[in-house]
Amino acid sequence: MTRSTLLASLLVLVCPLATWSVSAETNELASSLASSLVRISVTAQEFDAYMPWQKRKPHSRVGYGIAVGPRRLLTTDSLVRNGTLIEVQRPQSGERLAATVIESDHQIGLALLEVGPDTPPFSAVKVLPDRQLDGNSRLQVVQLDSTLALQTGGAQVLSVAMTSLPSAPYPILLYTLLTDIAVNGKSAILMSGDRLAGLVLQYSGSRRTAEVLPGSIIARFLDDAGEPPYAGFAMAGFQWRSLVDPVRRAYLGADHTSDGILILACIPGTGADRILKPNDVLLEWDGYRIDNLGYYTDPDLGRISMPHLIKFRRAPGERVPLRVIRDGKEMGLELLLARHRDSDALVPENTLRDQAPYLIEGGLVMMELNGHFLRSRGSSWTHSTDPRLAHIYLTRATSPEQPGDRVVILAGILPDRINQDYGMFGHEIVTSINGRPIRNMRDIYNIIGPNGQVERIGLQGVGIELALDAAALPEANRRIARLYRIPSLRNPPSPSSRD
Amino acid sequence: MRISNRKNILLLLVAATGLLPTVPSAAARSRFEPLLSGVIKIYATAQREDYAMPWQAGRAGSGTGTGFVIAKRRILTNAHVVSNARFLEVSRDGHPGRYLARVVFIAHDADLAALTVDDPSFFDGITPLDLAKAIPSLNDEVTVLGYPTGGDRISVTHGVVSRIDYSGYSHSGVDQHLVLQVDAAINPGNSGGPILFKERVVGLAFQGLAWADNIGYAIPLPVILHFLKDIEDGTYNGYPELGAFFMPARNNALRSSLGLPENESGVVLYTIDPFGAAAGILRVGDVLLEIDGHDIANDGNIALNGSQVLFAELLERKQWGDQVVFRVWRDKTATTLTVPLASPVDPFIFRNEYDHRPEYFLYAGLVFAPLSRDFLRTVGESKSDPNTQQLFYYTRYAKRDNLVTDRDQFVVMIRRLPHSVNTYTDDFLNGIVSQVNGQPVGTLKDVEAAFGAPRKGYHVVEFEGMKQTLVLDAAAADAASPTIMRRYGVPTPSHYHPSDEAGGRP
């Protein structure tokens, strides 16, 4: 026997021993979850950011889900997004059952799956209603090992904070936990006794820390998703900054207190628009005092950053009382909460990497600028991106001047004789089509109608319009579609595009 | 010891080659040797400015280059050899003395400079080099003279003209002129050296290309002649800028949208620079059909002396005060327009700056300076910061997005010298100032003036694209300024260019 095979067999022997050596309580937990926990295998395929008429190479992800109903499974959105095939496996079973996403919220990072009616029912797990997880909570991470046997390990809460993850650049309430097993897939389950306490969104193997979405948010999501239409989580629609500087406080007439944050701007069309004003100092939200760094004292969580107060303590459609200092005077206001949608932005993030609407006319590819398009160039994307587009994204991505505004660009030019010499205008901003001003892709489709075509394109800062030969366009479009193998030259925005 | 041994070996080799000369014909030698006397070595100690801390100078460094003597006791070399020079000396091959030199004219847009030596004895026995009448053709064999790295004495290399083309001049960072590409070895120290064809100067070696072999660039004769003609009146004005961006008039739909007849050819103007000579005369949508009587082809070329060159080549030969006549297609008819080439100074060219101290103004530990290419180089890689990224946007799109209205400079808050009076102002670093105390900011001097008039005891600074304002306590800021200057070693609170030294000059 060689040295390495000896080592391998030793490992096999040692591992089961290690899991057996935990307490009877754990054993009980493992057997109770046998009909609740599943492994989820996902084949996913994203759309190409530059050529949205085609998809990128399919890839696979593996993670976990937990039953929240006889045929319903909860998992993280980042595991199942853009799934072309989603299959679930019960512990110690080779059988793969197809599942479909029935609701997902990528800002919160959760998804609800459903399996077919012929599947034997799962036993649903109850969600921990208690918000007060702390360093003394007895928590266990549950996952499957390589033999598909249930595996559990202890976990301890280190901190709780509003955090942004790369998979969803909107801050959400996350617990950071130290785990004593290595988490081996996305969306591992965190249990407190027999209750679901959270889902692991992100795990660091080197630090053994897991970022966990807590049960309180999961419960909110499940309540909402169980009763369509899905209402989502609230957004107020203002940008703010901490307000510590005593000079600025005095200048704003807010020096009689040390509380309150500075309102910078309101996003048009949101609840804050026309209620709050730039240079308002927001003192109180929904009865909670906001300090000058933007923290409040949550009755369940303690001191935490204000976005949690806006997002999770109230729902879209509710009215919230506020107190502000405006022009040196304290006053009461009321604000209507609405759901935050990525599609409300001037430059949507498109973290889902969904298919962007586009129009290809005479080889000119028109698209709305989005975060996926810019960030597909890699971490140093600002260096290789046109500085005007980068500037718009970095300074006012979330702030359209009017609701529905987008930045339409010539995302690419597929060379053909009909667009001869237009190649130099790549990444320019499209401002008009056939002589009429446009604000988004929908305007373009409205202008040309079902059978029309784009014959003139106006660009920002370019004095002439790019003209396309109207008579030659149909033939050129057929030629371009054939040569560049584009299945469809037109992809209008859907009537209610996903956020 | 080992080092000096090596030196001996080198010397021996030199001596040995001296013993075994490949004897050229006596006639060729007698033609060539006087040429060498006019090729001189330039020793420059230069000091770049520190754009991150503009109140103090950057490090000094020394370098050498080449120059050559032409008529009127002038030494022609590259601007980059003598830019920012603090101490300038020249020497001749085979002569022991070094002579103090000074810059008489410098053209940063063309990377050329004319020096002179006040001691007349320097020129004794020098035969000035003759300029050729025309540039050589492709594949003509040229000789490069100079003092490149690898030895002290003059060096001679040979090559052919590989290409004649338009290319960027890296010294200014923004200008484009004709260049001569040769495959002769051109190395550091060759800069400013003459390129000879049939014993006459046809170019001046000036830059190489990284990651490429046998590509050396020379400033060709027409650019040199342009410089010499420009300085005849005692000042260097630089190249006039037409300021019109054009595209070929080849696309059929574009042609028919402009109503351009089949038999006409030219280029279509799509953007007019408000600071260029064309502003107010040419318009977007105009098609340039002819320049000074030469037909412009659809790719922008004209036939000149039997070869095809870009029509801009004709503009390149013009001086300020000259004019250019276009036949223009406008509103579906042809018309003739004359553009006088006397353009005002353009502050938004963003050339590399040389030979003057950077401008700045310091107040309450906040350092304000005009946006410049040199400052952008100091911020380098932090482009994902929105404020810094905005600087690149303003530099590139100043004119096209009309960001220049009512301004002569973009004033940037480039640095904070920390003091408790400015503790909460880091959000504004690298922001472009739009207003101070309600006064719009068009130049750096506007900032200083506006800080003189606080409002109700506060200074309020607003920035482009930023939704919050910087607020300072005026009395505390006034009191802190001298302390901050003393603590951080800032000798004077501001520096402005003298009025005859405005930005944007070539």
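Each chain gets a letter, A, B and so on, in the order the sequences are listed, and its residues count up from 1.
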Item to check | Flag if over 12 foreign heavy atoms under 6.0 Å of CZ, F375(B) | outcome: yes
Item to check | Atom group of L269(B) that falls short of 4.5 Å from chain A, counting heavy atoms | outcome: backbone
Checklist entry - Among Q468(B), R396(B), K399(B), which residue forms the greatest number of heavy-atom pairs with chain A at distances under 4.5 Å? => result Q468(B)
Checklist entry - With a 4.5 angstrom heavy-atom cut-off, which part of I418(A) approaches chain B: side chain, backbone, both or neither? => result backbone
Item to check | chain B interface, residue from A265(A), A471(A), A390(A) that has the most non-hydrogen pairs under 4.5 Å | outcome: A390(A)
Item to check | Atom group of R388(A) that falls short of 4.5 Å from chain B, counting heavy atoms | outcome: both
Checklist entry - Is it the side chain or the backbone of L472(B) that comes within 4.5 Å of chain A heavy atoms, both, or neither? => result backbone
Item to check | S399(A) versus chain B, the contacting section by heavy-atom distance below 4.5 Å | outcome: side chain
Item to check | Proximity breakdown for E465(A) and chain B, heavy-atom pairs closer than 4.5 Å | outcome: backbone
Item to check | Heavy atoms of other groups near R377(A) CZ, more than 12 under 6.0 Å | outcome: yes
Checklist outcome for this item: CD1 of I263(A) to NZ of K467(B), rounded to nearest 0.5 Å, is 13.0 Å
Checklist outcome for this item: Max heavy-atom pairs within cutoff under 4.5 Å with chain A, candidates D473(B), D427(B), N402(B), goes to D427(B)
Next on the checklist: Give me the atom names and distance for the closest heavy-atom approach of V268(B) to I464(A).
Outcome noted: CG1-CD1, 3.9 Å
Checklist entry - When only pairs under 4.5 Å are counted, which of R417(A), Q460(A), R396(A) shares the most heavy-atom pairs with chain B? => result Q460(A)
Checklist entry - T395(A) and M466(B): side-chain contact (heavy atoms from CB on, under 4.5 Å), yes or no, with the steps? => result CA-CA 8 Å; T395(A) 59; M466(B) 242 183 268; over 6 Å; no
Item to check | Beyond-backbone contact of Y270(B) with M424(A), side-chain heavy atoms, under 4.5 angstrom | outcome: yes
Item to check | Whether over 12 other heavy atoms sit under 6.0 Å from D426(B) CG | outcome: yes
Item to check | Side chain / backbone / both / neither for R456(A) at chain B, heavy atoms under 4.5 Å | outcome: neither
Item to check | Within-4.5 Å side-chain heavy-atom neighbours: P246(A) and Y424(B) | outcome: yes
Checklist entry - Taking C-beta and beyond as the side chain, do Y251(A) and K456(B) meet within less than 4.5 Å on heavy atoms? => result no
Checklist outcome for this item: If you tally heavy-atom pairs under 4.5 Å between each of D386(A), N419(A), L262(A), N279(A) and chain B, the highest tally belongs to D386(A)
Item to check | Residue selection (most heavy-atom pairs with chain B, distance under 4.5 Å) from D469(A), L459(A), L394(A), L389(A) | outcome: L394(A)
Next on the checklist: Within the structure provided, determine whether R400(B) and V462(A) are in side-chain contact (heavy-atom separation under 4.5 Å).
Outcome noted: yes
Checklist entry - Under 4.5 Å between any side-chain heavy atoms of Y397(B) and H391(A), yes or no? => result no
Item to check | Side chain proximity check, D421(A) to L254(B), heavy atoms < 4.5 angstrom | outcome: no
Checklist entry - Taking the side chain from S257(B) and the backbone from L466(A), do they hold a donor-acceptor pair closer than 3.5 Å? => result no
Next on the checklist: So, taking the atom named CE in M247(B) and the one named CD in Q420(A), what distance separates them when rounded to the nearest 0.5 Å?
Outcome noted: 9.0 Å
Item to check | Atom pair CG (D245(A)) and CG (L470(B)), whose distance is rounded to the nearest 0.5 Å | outcome: 8.0 Å
Item to check | Residue A472(A) versus chain B: region with a heavy atom under 4.5 Å | outcome: neither
Checklist entry - Of the listed residues (P278(A), A250(A), S242(A), A470(A)), which shares the most heavy-atom pairs with chain B below a 4.5 Å separation? => result A250(A)
Checklist outcome for this item: Ranking Y394(B), F392(B), Y458(B) by heavy-atom pairs under 4.5 Å to chain A gives rank one to Y458(B)
Checklist entry - So does R377(B) have more than 12 non-hydrogen atoms from other groups sitting under 6.0 Å from CZ? => result yes
Checklist entry - Hey, what do you get for CG (N252(B)) to CG (L468(A)), rounding to the nearest 0.5 Å? => result 11.5 Å
